[in-house]
Amino acid sequence: MASTQTRRAHLTALIAALGLGTTGQARAADGRFDGTWTGILAAGANRLTLQLVIAGDTVTMISVDQGGARIQASDVAITSDRITLGFSGVGARFEGRLSDDRHIDGVFTQGMAVRMRFTRGEIADPLPDSATADSNAIITTPKLNQIGFPPAATKQFAITVTPDKPLTAFDIVDDGGQVVFNGKLGNRIFDVRQSAGEYAMCGDFSPFARPGRYRVKAGDGLSHPFVIGDGVYRDVLHDAARCFYLIRANVDIDDARTGVKHKAGHAGDAAVTVDGHTRDLSGGWYNAGDFGKYTHMHALSVSHMLRLYELRPDVAKLSLDIPVQYAGLPDLLQTARWGLDWLLRMQNADGSVLHKVDSQPVLTWGKLPADDPAPRAAMAASSIDAGVFVGVMGHASRVFASLDAPFAATCQAAARSAWRWLSQHPDVGHSDAYYLDPDARQEVLWARCEIAILDGVDNSRIGLPEMGVVPFYWPTPQVLGLMSLALRGHAQARSMIVAGARQIAARTQGDAYGLSALAETYSWGSNEMALNAAVVCLYADRLAPDANLATAAQGIFDYVLGRNSLDHSFVTAHGARPTQRPFHWICNMQNIAIPGWASGGANGQAGAADALLKAVIERGTPPAKCFVDACQNEGSYASNEGETSENAALVFVAGMLG
């Protein structure tokens with residue numbers, strides 16, 4: 001990644017070079033872009049006012065601060081609400097999207113990537129988020145789940161206040177501006193300065209359950225519109241689950257719904273050399289922004305899908321509009337089966353399970369899968385991978401028993417084979433620098449739980465270590481096995497899950513935004529940690545119904561979908577202000593933010609931050625606001641990169657709540 005000095009050098013080069021463009025370009029297709037647009041290009045201390053003049057076939061960029069110097073775009077592509085401009089004479093590019101009829105929000109790239117907003121006319125509006133120069137942007141409008149709520153759900157919003165001017169009341173208004181509900185905010189002012197750099201209050205309108213489209217009005221602020229209704233999360237569930245089709249590895253994808261289209265890549269995955277033998281390790285999913293395929297991430301992802309089918313089969317039978325590959329299976333289990341098939345290929349003859357297939361230490365960026373030149377290999381087996389493999393295969397053998405008995409038997413045999421190996425090799429580590437996990441006890445516990453169920457062991461004979469279940473994320477998946485036992489009446493497993501959920505609920509109660517007022521919460525993958533916390537609360541509420549746990553799960557989901565200090569929905573294409581530039585190879589190469597993909601989340605830890613995020617952190621931005629919605633070149637992989645296990649948690653939570 002480029003240094004600050006390098007970034008400033010690139011900006012200086014752009015200023016000096018304005019006016020040196022070429023003239024060839026493709027014809028613009030959408031008259032909504034015609035006119036003059038003005039924006040501020042900012043990098044460090046440098047600021048440059050730029051204008052785009054768009055008129056039919058001609059797009060010209062003007063440097064207002066440099067005597068009106070002009071450069072004509074060499075490439076123009078306008079499709080629907082998106083615009084891509086190339087300026088070959090200076091090696092620059094702008095990719096943007098109409099966010100409304102007055103603004104084009106996007107990324108300007110010229111050696112570095114800088115977020116930029118163009119405003120229609122000759123006056124520039126500032127960017128509305130943490131990518132601006134303001135180290136602590138305060139958004140004063142009411143912030144809530146930008147999708148909405150089921151009628152019976154807890155319905156809350158947060159609003160920033162000053163301690164000396166608290167708010168006392170709020171209204172719910174309909175599309176016509178008519179007041180349909182009055183509420184009181186109560187007396188509590190939340191001190192969230194450590195996490196979000198502000199004070200906030202929380203309003204609750206849970207008693208209002210009339211289906212419709214509404215806004216919250218509090219003080220001088222009006223929230224984004226939201227919906228109350230049955231099935232309100234059906235679309236986000238559909239899109240989040242459908243992402244797993246779009247990220248399938250080693251196959252052609254041609255998806256008319258999203259426009260994602262590319263040839264199959266990494267053909268060598270079908271002939272990987274393992275211990276001197278050629279193995280077919282094709283299939284599975286590309287895990288995150290790069291092209292790695294990981295056993296533990298597949299196992300967690302599939303487990304979330306299986307559990308949703310187990311607990312909410314009515315919801316899990318949704319149609320995903322994907323090719324039918326396994327006759328007779330609903331689409332969510334079609335998706336799970338794709339992941340399971342790849343996992344089965346990763347098992348060795350002795351029962352052990354390979355860790356991953358990728359090109360470590362090289363992670364290709366800026367190419368489609370078919371163009372990736374990096375050599376790929378499999379990483380050796382580990383106890384961690386055997387543990388998660390036993391866990392998910394044991395689970396799958398039960399779910400598929402009535403749907404595909406031969407496949408269920410295959411899963412059970414694979415689980416038992418891996419368990420025999422794991423029993424003899426409980427401490428074999430791996431050298432994956434990207435998912436370093438030195439402790440296999442949690443994965444072994446998941447495996448133990450599922451094997452006990454396969455063996456029909458009486459609950460009274462299954463003792464569990466006092467390990468706890470939180471935090472739940474990829475190195476600590478033991479709650480998945482404990483839930484399987486708890487659903488079969490194991491009292492200790494049930495108690496451990498409920499205790500963990502109550503810890504989570506207690507933490508959320510200290511935050512007006514429904515997650516946590518602690519600064520350390522906002523680290524790499526904070527949204528995955530949040531969604532998994534909601535999973536634990538939903539598990540516990542299923543085992544021992546508790547309004548506090550249901551409220552905590554709903555509040556965490558609300559946080560991810562807009563009830564946060566950034567007023568930002570971290571899920572692409574969902575909410576009024578969603579993530580638009582996820583750090584993902586599809587967005588990078590095809591300019592498509594696949595709908596339903598979750599961002600990694602706010603990350604206030606500078607240790608492994610990318611250049612864009614580090615600049616935000618170094619300005620003194622509060623941790624919960626350290627997020628950059630950027631993909632191209634120096635995109636924010638440390639705050640804006642999701643992964644399969646996170647998206648599968650999103651699938652589970654959306655399915656359970658909506």
Side-chain angles (χ1 to χ4, degrees), residues 81 98-103 125 128-129 138-161 165-188 190 200-239 315 512-514 547 550-551 553-580 595-596 653-654 657-658:
D81 59 350
L98 280 170
S99 58
D100 53 49
D101 61 357
R102 290 190 61 246
H103 299 106
D125 290 342
D129 58 32
I138 303 292
I139 299 172
T140 59
T141 54
K143 295 173 278 286
L144 44 58
N145 186 320
Q146 294 172 13
I147 296 176
F149 308 89
T154 299
K155 307 174 192 73
Q156 296 181 334
F157 70 92
I159 187 165
T160 304
V161 297
K165 294 182 179 179
L167 296 175
T168 58
F170 67 91
D171 297 322
I172 306 296
V173 299
D174 63 17
D175 271 347
Q178 297 298 308
V179 175
V180 294
F181 180 84
N182 306 111
K184 301 293 184 183
L185 280 103
N187 298 319
R188 184 172 183 181
F190 293 82
M201 298 182 73
C202 183
D204 191 312
F205 54 102
S206 300
F208 184 70
R210 185 191 310 165
R213 188 171 182 269
Y214 307 100
R215 295 175 186 256
V216 172
K217 184 177 182 181
D220 296 326
L222 197 64
S223 76
H224 299 298
F226 63 91
V227 171
I228 295 176
D230 292 326
V232 70
Y233 303 137
R234 188 177 294 119
D235 288 347
V236 70
L237 167 63
H238 172 277
D239 287 351
V315 171
Y513 294 114
T551 294
Q554 180 70 53
I556 294 169
F557 193 53
D558 296 346
Y559 166 86
V560 172
L561 287 168
R563 181 184 158 192
N564 52 64
S565 59
L566 292 170
D567 191 36
H568 181 87
S569 169
F570 290 106
V571 179
T572 55
H574 290 276
R577 295 191 64 241
T579 293
Q580 297 187 30
V653 175
L657 288 176

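Residue D220 places its CG atom among 12 or fewer non-hydrogen atoms of other residues, nucleotides or ligands, all under 6.0 Å distant. Atom CG of N187 sits in a sparse spot, with 12 or fewer heavy atoms from other residues, nucleotides or ligands closer than 6.0 Å.
Of the possible polar contacts, one joining the R215 side chain to the S223 backbone as a donor-acceptor pair under 3.5 Å is found. The closest donor-acceptor contact from the side chain of S569 to the backbone of H574 lies under 3.5 Å. Checked by atom type and distance alone, the side chain of T572 pairs as donor or acceptor with a backbone atom of G596 at under 3.5 Å. Judged by distance alone, the side chain of R577 and the main-chain N or O of L566 form a donor-acceptor pair under 3.5 Å. R563 places a side-chain N or O within donor-acceptor distance of the main-chain N or O of A512, the cut-off being under 3.5 Å. Remark: the backbone N or O of V173 is not paired with any side-chain donor or acceptor of D171 at under 3.5 angstrom. Counting only distance, with no hydrogens or angles, the side chain of S206 and the backbone of K155 share a donor-acceptor pair below 3.5 Å. A donor-acceptor pair under 3.5 Å is formed between the side chain of N564 and the backbone N or O of Y559.
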Query - Candidate pair L561 and Q146, rule side-chain contact (heavy atoms from CB on, under 4.5 Å), full reasoning - result: CA-CA 6 Å; L561 287 168; Q146 294 172 13; 5.7 Å; no

Report task. Any chance you could lay out the side-chain contact (heavy atoms from CB on, under 4.5 Å) test for T154 and D204, step after step, and finish with the verdict? Result -> CA-CA 8 Å; T154 299; D204 191 312; 4.0 Å; yes

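I556 CD1 to T551 OG1: the interatomic distance, rounded to the nearest 0.5 Å, is 11.0 Å. Atoms CD and CG, on Q156 and L144 in that order, are 11.0 Å from each other to the nearest 0.5 Å. To the nearest 0.5 Å, atom CZ of residue R213 and atom CZ of residue F226 are 10.5 Å apart. Here the CZ atom belonging to R188 is positioned 4.0 Å from the CZ atom belonging to F190, to the nearest 0.5 angstrom. Here the straight-line distance linking atom CG of D558 with atom OH of Y513 works out to 13.5 Å at 0.5 Å rounding. In this structure, I138 CD1 and D567 CG are separated by 12.5 Å, a value rounded to the nearest 0.5 Å.
By the 30° and 60° cut-offs, the orientation of the rings of Y233 relative to F557 is perpendicular. Between F170 and F181, the ring-plane angle classifies as tilted under the 30° and 60° cut-offs. Classification of the F205-F157 ring pair by plane angle, with boundaries at 30° and 60°, yields tilted.
Remark: aromatic rings of H568 and F570 are close, center separation under 6.0 Å.
When all heavy atoms of Y214 and D174 are compared, the pair lying nearest together is CD2-CA, 3.8 Å. In this structure, N145 and Q554 approach most closely via the heavy-atom pair ND2-NE2, 4.1 Å. Here the shortest heavy-atom pairing between P151 and A209 reads O-CB, 3.4 Å. Between P142 and V216, the shortest heavy-atom contact is CG-O, 3.8 Å.
In this structure the side chain of I147 reaches within 4.5 angstrom of the side chain of V232, judged on heavy atoms. L185 is listed as a side-chain neighbour of I159, based on a closest heavy-atom distance under 4.5 Å. Side-chain contact check for L657 versus P150: every heavy-atom pair is 4.5 Å or farther apart.
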